[in-house]
Amino acid sequence: MQSEAPNLPKPKKQVKYTPASLRIMRTCEEAFREHHFVLLYFTNRKTFNQMFNEPNFKNIIKNNFTFLQLSRNDKSGNWLTSTYHFDSSPYYAIIDPTTGNFLTIYYGDMSLDDLA
C-alpha cells in the first residue's frame, strides 16, 4: 500500500531569502544540474590563492566541482560567517548540492594533494 505525500501547510507570509543565501542556493542548483559538488573557498584576503592559477588545479575543479568563492568583504561572506561559525580562514568546504550540507571543511591553504 502506497502512502500519499503529506499536505504541508502553506506559509502565512512569503519566505524571504537574503541575497547571500540566494547566491549559495543558485550555486547548489547549478552544481546539481552538472552532477557536481560545490567547492566553497572562503577567505579574508583580498588576494586570490596562487594555486587557482595552476592548470592541474583548474582542471580538477572544472571537472568535479562547481566553484564558489566568498570573502568577508561581500554580503554573502558576512551572511555565511554569521550563520556558520568557522574556526579560521581561509577554508575550503565541499557542499552537497542536494542538501546544502557541508561534507568536509579544510582549514588553511590547500595543495593539489590535499584536494585529491
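In this text the structure is predicted, and so the values were computed from the model without any measurement.
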Report the residues that fulfil side chain to side chain donor-acceptor pair (under 3.5 Å) with N64, sequence neighbours left out, ordered by chain and then residue number.
none
CD-CG distance between E34 and N63, expressed to the nearest 0.5 angstrom
11.0 Å
Do F32 and T66 make a side-chain contact, defined as non-hydrogen atoms from C-beta onward lying under 4.5 Å apart?
no
Measuring from atom OG1 of T27 to atom CD of Q69, what distance do you get when rounded to the nearest 0.5 angstrom?
12.0 Å
What pair of heavy atoms forms the shortest contact from P97 to C28, and how long is it?
CB-O, 3.3 Å
Quick check on the hydrophobic clustering: are L70 and F102 connected, directly or via other members, by side-chain heavy-atom contacts under 4.5 Å?
yes
Separation of I24 CD1 from I95 CD1 (nearest 0.5 Å)
6.5 Å
Quick check: do L39 and I94 have side-chain heavy atoms less than 4.5 Å from each other?
yes
Rounded to the nearest 0.5 Å, what separates atom OH in Y92 from atom OG1 in T104?
13.0 Å
Does the side chain of V38 reach to within under 4.5 Å of the side chain of E30, using non-hydrogen atoms?
no
Find out whether F42 and P90 are in side-chain contact, i.e. whether some heavy atom of one side chain is under 4.5 Å from a heavy atom of the other.
no
Counterpart residues, side chain to side chain contact (heavy atoms under 4.5 Å, CB included), relative to T99 (two or more places apart)
D96, N101
Going from CD1 on I61 to NE2 on H36, what distance comes out if it is rounded to the nearest 0.5 angstrom?
10.5 Å
